[in-house]
Structure formats: C-alpha cells, structure tokens
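Read through the structure below, which is laid out as structure tokens, and then see the notes.
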Amino acid sequence: MPKFAFQKFANISVKYKEYKNLSYPKLADEVLDFWKENTIFEQSVHVREGNPSFTFFEGPPSANGAPGIHHVMARTIKDIFCRYKTLRGFQVKRKGGWDTHGLPIELQVEKELGITKEDIGTKISIEEYNAKCRQTVMKFTDQWNDLTEKMGYWVDLEDPYITYENNYIESLWSLLKKLYDKNLLYKGYTIQPYSPAAGTGLSSHELNMPGTYKEVKDTTIVAMFKVKTPENYTVFKALAQEDIRILAWTTTPWTLPANSALTVGASIDYVVVKTFNPYTYAPVHVVLAKVLLGKYFSEKGKDGDFEGFADSDKKVLPWQVVAECKGRDLEGVEYEQLMPYVQPKTPAFRVILGDFVTTEDGTGVVHTSPTFGADDFRVAQANGIPPIMVQDENGKDVPIVDRQGRFVAEIGEFGGRYVKPEYYSVEEQADPAFRPTDVLIAIKLKEEGKAFKVEKYEHPYPHCWRTDKPVLYYPLDSWFIRTTAMKERLVALNKTINWQPESTGTGRFGNWLENLVDWNLSRSRYWGTPLPIWRSESGEEVCIGSVAELQEACRTANEQFQAKIEAGEIEWQEYLSKNEVFLQASQSEKMDLHRPFVDEIFLMSANGNLLKRETDLIDVWFDSGAMPYAQWHYPFENHDIFNHSYPADFISEGVDQTRGWFFTLHAIAGMLFDSVAFKNVVSTGLVLDKNGNKMSKRLGNAVDPFQTLGTYGPDATRWYMITNAEPWDNLKFNLEGIGEVQRKFFGTLFNTYNFYALYANLDGFTPDATARIPHDQLSELDRWILSKLNTLIKETGEQYENYNPTKAGRLIQDFVCDQLSNWHVRLSRRRFWTGSSGSGTLTPDKQAAYETLQQCLLVVSQLMSPIAPFFGEWLYKNLTDHSRQIPVDGSQAYPHVSVHLTDWHQVEYEQIDTDLEESMQLAQDISSLVHSLRKGHKIKVRQPLSKILIPVLNPKTRRQIERVVPIVLSEVNIKTVEFVQDDSGILKKKIKPNFKALGPKFGSKMKQVAAAISAMNEADIQVLETTNEFALSLADSENPAYITLHEVEILAEDVPGWLVASEGGLTVALDMTITDELRQEGIARDFVNRIQNLRKESGFDVTDKIQISLQDDDATLTDAINSQLAYICQEVQAVGLDLVPDMNGTAVQIEMDEFLLKVKVEVVA
RNA sequence: GGGCUUGUAGCUCAGGUGGUUAGAGCGCUACACUGAUAAUGUAGAGGUCCGUGGUUCGAGUCCACGCAGGCCCA
C-alpha cells in the first residue's frame, strides 16, 4: 500500500463502522457488489487449490419456468454445505447445469404455437419444432441467474452443463452403448394405453386430459373357471367329485381369450358355494370372496331346496356355503383354459396372489391377462405366468388383438372382429343384426355353461382425446434397462450411502430398490436425447456409442449403398444422399444429434440389410442421472477431472426426486461403474404456504422469491427456512416468521456489534493478538462466554458435519441471543463505559471485555456464514476491515478480505470449562429466583438488599456458586450471599423418590415404595443420610424395603422464617430488610437513573461532563444524595452537584417515587 | 390401494436408550428495567402430547389398529 494511503487511514479516528439503522436487503446488495468486484467466489475455490476436494453435483433445474421460493430453500441447503466444506479447507467446485429436455418443454412450445402433437410433421416440421424447444428451454435463464445471485447461491454458471448439447448427448450414447454391450439394454414391451383408432400410444398426461374418461355401459361377464383335479388341493378335497368353478368378473370380455391366470388376495376370505348354473341349471360349486356373497345370492335361496330346484320356476337359486378359506390357500390351484384358442408356450392357468385385488366389486378374483393389463403383466411376470401370444409373419410374438383393435385369425369365430363396437363404422353399428364382440363372447360362454352372470355395467373408461374412441391397454414395444439384473448390487451400494434423513434411504428408496422393475427408457417424443440404436426389420441391430462411431458406420454404409447403386439399384441413392448430409454437418458446428437429423442416417447390417434408427427418445431422467459423466463429456475428455470428482461427496434435492434423479444417478453408477454416485444426500421436504397448503400459481398462494428477498434480504430468508424446520420436514412458509428471525436474531446480533463498535471507537480499541490479556487472567464471566463459544464451535461443526443445518443454526442463534447478548453483554455493559476512555490506556478488565466480545462476534460471523453468507460477511468485514488498512509485517491477524476465505476456527478445548458453564447456569437460576422474589414483594432491582441465603447440601454446588457470587450480586443488586450448610440445623428437607433408580429394583411395588418415601420425616431422612440405608415398611409386605441414598433425591426447599423460592432443586432465601443506609443507596440509584434519562433526553454526548443543580426541598432526598455524592457524580459523569434552595423555575421537574425532583443539568465545556 | 412421512400451547418448534410437575420462542395479559431502547427482565393465562386398544409398577416416548395432512407410486 502506498505511503500516503497509510497516513490517510492512520488519521481516521473512527475505525469500526457504526450504523443507525440497517437495511438487510441493502447490506446484501453491498456485499454482493464486493463479492463481484473481488471475485470472492472464484477465490474461495482457487485458494483451496491442492487441498482435498469435496465434490458436489448440481441437480439441473429446468429454466423453462420461473424459479419459486422452494428453489431458494433447496439451493440454500446445497450452498450451506459447500460453503462449510470450503471453510474446512476443501476445494469445492460447483458446476452448474441445466435440464433442457422433456415433456414439459414440448407442452409449453405446443401451447405457445397453438398446435398439438398431431401437427408435428404436418403443420410444423420436427426441425422447426425442436428449434422452438431449444429457444424456449432457456427462456427464464436470466431470472434464474438473478435469483442465484441475489440469494447468495454460489455455483459456477459461467460454464454450466446443458443437456441438449452434442457433447452431452454423445456422453449419454457412450453410456447406453456400455449398457448395451453388457446386455443390460433390451427391447421388450409394457402395457400402455393405446388407441387403435389413432394407431398410437398415449402418455399418462394425455390420459389425464379433461373429458378423456367417460361413463360407458359395458357388457360384463362373471366367468366360471373350472378347477382341474380338485382332489389335489386341501381346500377342495372333500368336494373331489364336484364341478368346482372359480368366479372372476371382467368389464372387458374381449380379454378372456387371453386369460392365463387368476389372481386372489392372500388375506381375503373366500367361500365355496354349492349351487346351480343360472343359465344351464347344472349343479355346480363356485368360489368367490366371502363378503361378496350377497352380490350374487339372495337371502331367500340360502340353504334352499336343492332337490326341488329342477321343478321350480328357477327364479331363486338355492345355495349353501360348503367350505371356506383364505386367498393364500388357493394359490397354485390349476384350472382349465376358458377359451382355448391359443396355447401358451409354458404352463399357465393357475391361481396366483396379487396385492391389487379388492373386494369392492366383482368376485374378489381377478381375471388376469398379461397382454392387456398393467397389473396383470406385473403379477404374471412375478409368478412366471406366460402371456397368450401368437406369431406374426416374421415369427415375432404378438398379442391376440392386432394394432387395429381386431382379434387375430387364430381366435376362431371371432378372428378379424374389432374388440370394441366403437371401432366399427357408424353404419355397421346401426345394422339391427350388429352385436358387439363382448356380447358374442357372453352368449358363447352362457351356452357353454361358463358364465355365471352377464350384465351391463356403467363405469368410467378412458378414451382417446383425438378420436374419441375407447383406449385399450395394450403391449407396446419399449426399450428397457435391465435394472433388475443388478438389483442386489444396487441394494448393497445403497447401504453405503449416508441419507439424511435416514428413513428416505432405508424406506422410500430402499423399498423402491427392493421392488425394482426394469427401467422403461423409451419415450415417443421429439425433443430429447435420441436412442442410438439402428435396427433392421428382421431384428438385426447396432448400438452407437459415439459420434465417431456413427460417422464410421455411416461411411461404411455409404460404400455399400454406392456398390448397390452401381449395380443398378438406384433406390439406395436416397439413403446415400441423406448420409452425406450428416457426414458433412458432422465436420462442422452444424451437427445436431437431435431428431430429425439422426433419423436421416441409415446404416447397413453385416448381412446387407438396411438399419433404421429406432425412433424412440430416452427418458429425460437418464439425461440428469448421467450428469456425473456427461457434464465433463466423459469418457471422451476430462478423465482427470472426472476421476477426481467422482463419486460426489454431497448432493441434495427434494424428496420427490427419490425415484427420479436419486435413482437414475444410483442406477447408472451402480450398473456401469459398480460405484455409488453420491456418498451423502440430503433430501428436502416441500415448501408449503403458511396454512400448510401446497403453493400454486393457480391458488395465488405462491410466494414470489424476488419480492421476499427484496423485502427481508437473503440472510433472514435463508436463516428462517433453515432454522424453522429440519430440511426434510415440510416447511410452512410464513413471511412473518422471516420478520421474527430478522428482529430476534439479526437484530440482536446487529445491536451487539453496534454496541461493541460504539465503545471500541471511543477507546480506539483494536485487538492485538500479541498483547491479549492471558486467558487465565480473565474474569469468570469472560472465561465462561469463551467456554460457551468453544463449545459452540465444536457442536456447530458436528451438526454441519452431520448435514443438519437446522441444529447448527439453532445453536448459533441460542448462543447469540441468550448467552452472548442477554447475559455476557448485559452484565458487561458497565465494563465498557467505566475505566479509561479517550486517554489511550485501557484497564485490563476493559481490554478483556473488548477482546472477549470481539472474539465472540468474529467466531459467530464465521459459524453463521454458511447459512447467512451476506450478514456473516458484513459482520466479519466490519470487525476486521480496518486492521487490513494498516500495513503490517506480513503477520496480519485477519489477512482474509472475506469470511468465506477463512479457515474454520479450531476448538480450543482448554478453554472449555464445563464446571464453569454449570456455575453460570446456577448464577442465572439464582438470579432468576431473586428477581422472582423481588417481583413478588414489589421491591425494585434498584433498591439494594443486604443478603440472600442459599442452602447447599453438597460441597460441589457450594463451590460452583462461589465462583460466580460477584456476578449474582451485581445482577440482582444484593450485598452478600450466605450459604446455609446441612449442619446449620435450620434447613427443612424434602425427600423425593428417584424412580429411575428404584424402578428396576422394586418393579410392581413401586407405588408403595414411592408413597413410603414421601411419608418419611426429618428424622427418617437423617437416618438415611448417616447410615446410607433406610428400611421402609410396606403395607402389604412383612419384609421391609431397603433403600439407599442414591435412590432418592434430598432437597432443601425451605428456610423457616425466610422468604423462599425454589426451582429444580435450587433454593434461595431473601432478606427483605431495608435499612436506612440501603434506602439511601436505593434513592441514589434512582436519582442516577433520572439524571441519565435527562442526559439522554437533552441529547448530550456519552462523553459529556455535566454540572447538576438540584432544588433542596426534601431532607430524605438530600441526605441520601449527600451520602452517595461521589457515587452519583461518577455514574453520571458530573463534575459537581449543587443543592440550591430555589431553582426559580429554571429546573425540570421529574417524578421519582415519592419525590418530585426539581433539577437542572448543564454540559461543562 | 401400496410405500414413506408428519401430528406436542393460539402459531412455529424442542422433547438420547420409557421415570411420575411435558418445555422454548413468538403472540396475549400484568408489572418492572432503561448509557443495546422498534431491545430486555419477571410473573400469569394457555396442553384430552391426533384417537382407541395393548405391553409395563410407570407411556408424549414402545407395540397394534385407526384418523387427518403431505410426498411418491399404482
């Protein structure tokens, strides 16, 4: 620093900034400017170069919507631990990222353009559509960047990863290729909503559109499935000769030819009922859920006339329950195929258990057809039940209903029929002879004696929003990642992850892994990462793992195309030309790995067949789950960086990401790298409105983060969110709560700093590390707060290490408000305004007061800085800035310009004195009791009293109190403390049973023992105390119960003849006598108080000296003042006090209890 | 319907391994204090610890079954 600057600063007398009032948002703005100008974030990473790294992965947000208040919450959590670890010396790089693909973006674009998916390829080309998506996706980037900055979230947004970039996609391809090579990527099918009329699958979002579900009347059938060899099953043994049929209800009779199992609920009660077939009248036994009996049988027919049924009008079916069992007893029962058109390849047709079975309607038995129901598919797969499939012309397995919604030829008389009447034309449906397929099936089953009940049933059924025709649940091709193959490993790896809260890891996530199904990767959309698989019609396929590979395959194909063209097959020219377009683009910036460009690349199989790209895109969750690799364009680049930053030490997102990002990160890492992707994870709860409702723009209860930050500033907002509820609990967000935090915590801390600054400036105090008052010479009060401070550093550190910012924040808050401000500073105020001032030399006690408070504030500024980065910075800079303005010999006490560049304070264990902390707790408790006594007898604190009496039964308590006696005395304005020992004989003791000690010993006799102990008198207690044993006689026992001292608690709760208060084993007695002398002191203190008020009202400076004139018209008052003159003058900094017979109206009149002061104060020049 | 989670004062939250009188802050009422003053102290009012059963000498705490809110999944 140039010399003139030094001189300039040296002449400045004010060193600490003092503030009249504080605007928290403005404070944050100023700190933000400071950070920007001095690149503090960059430095905080840079200064840790070479240190161990702490890796954080940013879960990419999508910038196609405005950020909300919950993002402030989520990002605060992330920020806290990154800042904390930086303080701990780790290098914490935080690469930002953006999630750019997916359905929400497509929908937004469609809304903006006023188009539907239908129009893509007709009204708008895929190319134009995707270009629009690309624009839209970063629409709110500015707002996001603004929020990031304003809330103080430090993340590198200069060089974020963006999921739509070619490099990113190329990394994804390489991961997919690896999966493919490990045989973990395969083509299969899932049951999805499918519209035969439109020829397309529907997303769940399309199914949720208004008007999709309509009430329809369907023909429903309770079909009868004949049990094979009933004698083989315990349940049916007694009925071995009977025709036993299991009843199952369906609202989609057309699926019955595809039935391959029946599903029952394990703990549902079933009955076997003897009765008749209602259509053929043949005797039969049927099986159904017990609670549904009433649905099919009337009370009239119960135990009815079976013999006479043939001759009756057959309106009432006689019935009788002949057996009963649980669903699990039926498991494995085999039955005859109901409609035997197509045979499965492996054994089917048996009863299995499923958790989705209910007894709300139907029969409690679910007809299960794996090709036409999602539950059916899942439960059948789990039980090894095959689907009913036929082979198409290519030998490929296909369902018995084709993609137009017609039965295949194999289904006998129904072959070629549409399964739903709505698929026929209006004219066809109008024909009087027209019968829906469901009805034909019902008639057939009735005739064959396989239907128990056929009726129309009205229920909601989904319809295609495009064609208005019913949807089928239908098996559709999909690409899957075979996560089930790696399940055990994924479960094992999860057990090494530290989940916060733990239950999310073991419960929600753990269960999810236990019940893992293969990850369906396919999405039939446009804006997303294309699946890099090219396939021929006969099923040959190639998976591409990089751009180079694709170029190579493309060139090879072109050579083959060329050869064919030269051989005269000019139809190949088109493919060759399109490939040329790609090859050219791939040499330049123009290359785009999205659709439609990748769709226009054509490859050749080894056998010379054309390979076209599978049109699927991949699940966007794969995009984000692959970010550990793709953000670095790994494995194509950055091996070093990747190796150093994998896996992540820490990630955090909302708990709703459990099956989203958390899972996809874990799955990819586990399957491809045999590693976890993250070691520690904090899953956060939701931010609700103050009434506990979900925030939504529609309801108008969403909180605008910018407005909140603008009003309260980021620190109070962050502090409130963190300390109010643990991150994983839902937060009821209430703006008033932020205000409270601001007043209570930040206000107190600000006041404490201002108080320090005020006096430190008056005294020109600057901490000097080389000339501190040695710790062992500090007062009890100072050593106490320093002990508390070190305990705080230790415990706060533990909570941060433990990923619990809530507890850390609450600890800091309690320290600042309760210990530092309301005890240490309050009791120390006097130390700051007495002693020397201005002369340049401080008394050791005053110096100690400054040093202690400065130390506390400085440490607090650091401990709080992860949660409140701006205020922490502000406080740190206010405390240290001026020390950096004075050039020193390179050993500056506070070399860092920012608290975020400092090293975490080491705990000074030798300063932790738990005995002293206990002592001070006693002092606080005693003071509280004395205040309470004073209050009860209306004796104000300004009135000194002579004595308190404290009964102490053990030497430890006495010693602990003795350490802090002066503090107690000054706090409560008492002259002396006297201890009353056990041997004084005046104590009245009380005895209480110690349940914890007695419980295990006496068990059921506890009540009697407790009663007997409470009944012990003084003499009994003395016996116990002297012999350490006492025999209690119990009411219902001959033998006495022996107790020892540690099994009871003995308290001195009364001092006969004194005013006594006690709480928690501590008792204080107060001498209320007010002698004349005490009275005079009290008056003097009152007088001082009034003068001080007057000084303040008159606007005098704290350092002004004054001259007092008082009208001499009351002897009591005058005597009191004369006797305490020196004290008064010192307190109010008076150079003199004149008693004047008559002030002649120049005086101010002030009330003081029974006196009326007529007084005048003047500043002495 | 399933999994997870929450339920304690008007509000926001604490309450290791069960121990008899369940706490704090805010808010409310009253009083006090006053060189931190939009602060502070003391006292008071305010609780079926979501409900019902159970285990136990003893349950806010452990178990079972419910109820209500939330998230995820069907």
Side-chain angles (χ1 to χ4, degrees), chain A residues 21 204 265 355-358 360 374-375 378 501 503-512 514-515 654-660 683 685-686 688 690-694 720 723-726 728-734 736-737 739-741 743-745 747-748 750-756 758-759 806-807 810 813-814 817-818 821-822 825-826 829-830 832-834 927-936 938-942 971-972 992-1010 1063-1064 1088-1093 1095-1096 1100-1103 1131-1133:
Chain A
N21 41 35
S204 59
D355 55 12
F356 56 89
V357 181
T358 70
E360 267 161 38
D375 278 335
R378 186 168 51 82
S503 60
T504 302
T506 55
R508 189 181 284 222
F509 195 69
N511 290 344
W512 166 247
E514 292 291 347
N515 299 311
V655 69
D656 55 340
Q657 297 284 344
T658 306
R659 290 169 188 196
S683 73
L686 261 66
L688 308 170
K690 63 180 175 183
N691 300 317
N693 299 313
K694 212 173 162 176
Y720 163 74
T723 58
N724 196 57
E726 290 187 316
W728 36 91
D729 284 335
N730 290 348
L731 173 69
K732 286 182 194 164
F733 188 86
N734 189 347
E736 286 170 32
E740 190 180 316
V741 159
R743 279 196 306 279
K744 179 86 189 150
F745 175 62
T748 304
F750 165 68
N751 277 333
T752 307
Y753 164 76
N754 236 13
F755 176 84
Y756 169 80
L758 173 68
Y759 289 104
T806 307
K807 291 218 164 97
R810 286 176 179 171
Q813 191 167 289
D814 289 347
C817 296
D818 297 344
S821 172
N822 286 342
V825 173
R826 196 158 54 81
R829 277 185 304 194
R830 200 177 175 78
F832 290 94
W833 75 70
T834 57
S927 301
S928 167
L929 286 169
V930 175
H931 280 305
S932 166
L933 282 169
R934 279 179 171 275
K935 155 87 181 144
K938 297 200 185 300
I939 301 174
K940 52 184 161 190
V941 180
R942 271 198 299 264
E971 168 67 4
V972 297
K992 283 162 86 177
N994 178 348
F995 283 90
K996 204 164 182 173
L998 289 165
K1001 187 167 162 186
F1002 292 106
S1004 59
K1005 288 187 193 158
M1006 258 320 282
K1007 281 205 168 104
Q1008 293 178 54
V1009 172
E1063 179 153 343
V1088 166
N1089 164 245
R1090 298 309 192 274
I1091 300 299
Q1092 298 286 33
N1093 286 348
R1095 280 184 62 118
K1096 205 170 166 197
F1100 296 172
D1101 203 81
V1102 180
T1103 49
E1131 285 297 296
V1132 302
Q1133 300 182 63

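If you're wondering where the values come from, they're calculated on a predicted model, not measured in any experiment. Numbers restart at 1 for each chain; the letters A, B, ... are given by sequence-line order, proteins then strands.
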To the nearest 0.5 Å, atom CG of A:Asp814 lies from atom OG1 of A:Thr723 at 10.0 Å
Euclidean distance for C1', B:U6 against B:C50 (whole angstrom)
11 Å
Heavy-atom contacts, protein to nucleotides 64-74 of chain B, under 4.0 Å, summarised as B (base), S (sugar-phosphate only) or - (none) per nt, yield ------BBSSS
Check: What integer number of Å spans the P atoms of B:A59 and B:G19?
Finding: 11 Å
With sequence neighbours left out, the residues meeting salt bridge (Lys or Arg N to Asp or Glu O under 4.0 Å) with A:Arg810 are none
Across all chains, not counting sequence neighbours, the side-chain contact (heavy atoms from CB on, under 4.5 Å) partners of A:Ser928 are none
Comparing A:Phe755 with A:Ser503, nearest RNA chain B nucleotide closer to 5' gives the residue A:Ser503
Any strand, both distances under 3.5 Å, Watson-Crick or G-U wobble: B:C33 pairs with none
When A:Thr504 and A:Leu731 are each assigned the nearest nucleotide of RNA chain B, the 5'-most assignment goes to A:Thr504
A:Asp729 meets the side-chain contact (heavy atoms from CB on, under 4.5 Å) criterion, sequence neighbours left out, with A:Ala725, A:Glu726
* To do: Could you work out the separation of B:G2 and B:C65 based on their P atoms and round it to a whole Å?
  => 11 Å
Answer for the Watson-Crick or wobble partner of B:A9, both distances under 3.5 Å, is none
B:A45 -> Watson-Crick or G-U wobble partner, both distances under 3.5 Å, gives none
Residues at least two apart in sequence or cross-chain that pass side-chain contact (heavy atoms from CB on, under 4.5 Å) with A:Gln1092, listed by chain then number, are A:Val1088, A:Arg1095, A:Val1132
In 5'-to-3' order, the base (B), backbone-only (S) or no-contact (-) status of each nucleotide in nucleotides 39-46 of chain B, using a 4.0 angstrom heavy-atom cut-off, is -SSBS---
Across all chains, not counting sequence neighbours, the side-chain contact (heavy atoms from CB on, under 4.5 Å) partners of A:Asn754 are A:Glu18, A:Tyr19, A:Phe750
Discussion item. Between B:C62 and B:G18, how many Å separate the two C1' atoms, rounded to a whole number?
Written reply: 8 Å
For A:Asn511, report the nucleic acid contact type (base, sugar-phosphate, nothing); a contact means any heavy atom under 4.0 Å. sugar-phosphate
Collect all protein-nucleotide pairs involving nucleotides 7-9 of chain B in which both atoms are nitrogen or oxygen and the distance is under 3.5 Å.
none

Pairwise P distance, B:G10 and B:G47 [rounded to whole Å]: 6 Å
A:Arg743 meets the salt bridge (Lys or Arg N to Asp or Glu O under 4.0 Å) criterion, sequence neighbours left out, with none
Worksheet item: Contact class for A:Gln1092 (heavy atom, under 4.0 Å): base, sugar-phosphate, or nothing?
Response: base
If you measure from the P atom in B:A30 to the same atom in B:A45, how many Å do you get, rounded?
15 Å
For A:Phe733, the ring-ring contact (aromatic ring centres under 6.0 Å, His included) test, sequence neighbours excluded, returns A:Tyr720
Across every strand shown, the nucleotide meeting Watson-Crick or G-U wobble geometry with B:G1 (both distances under 3.5 Å) is B:C73
ring-ring contact (aromatic ring centres under 6.0 Å, His included) filter on A:Trp512, not counting sequence neighbours, yields A:Phe663
Over all strands shown, is A:Phe733 touching base, sugar-phosphate only, or nothing at heavy-atom distances under 4.0 angstrom? nothing
P atoms of B:A43 and B:A24, separation to the nearest Å
10 Å
Nearest heavy-atom approach of A:Val972 to A:His931 is CG1-NE2, 4.1 Å
Here the gap from A:Asn734 atom CG to A:Leu688 atom CG, rounded to the nearest 0.5 Å, amounts to 12.0 Å
With sequence neighbours left out, the residues meeting salt bridge (Lys or Arg N to Asp or Glu O under 4.0 Å) with A:Lys732 are none
Per atom distances to the A:Thr752 side chain, the nearest of B:A36, B:U12, B:A14 is B:A36
| said: When the P atoms of B:A39 and B:G44 are compared, how many Å lie between them, rounded to an integer? | reply: 23 Å
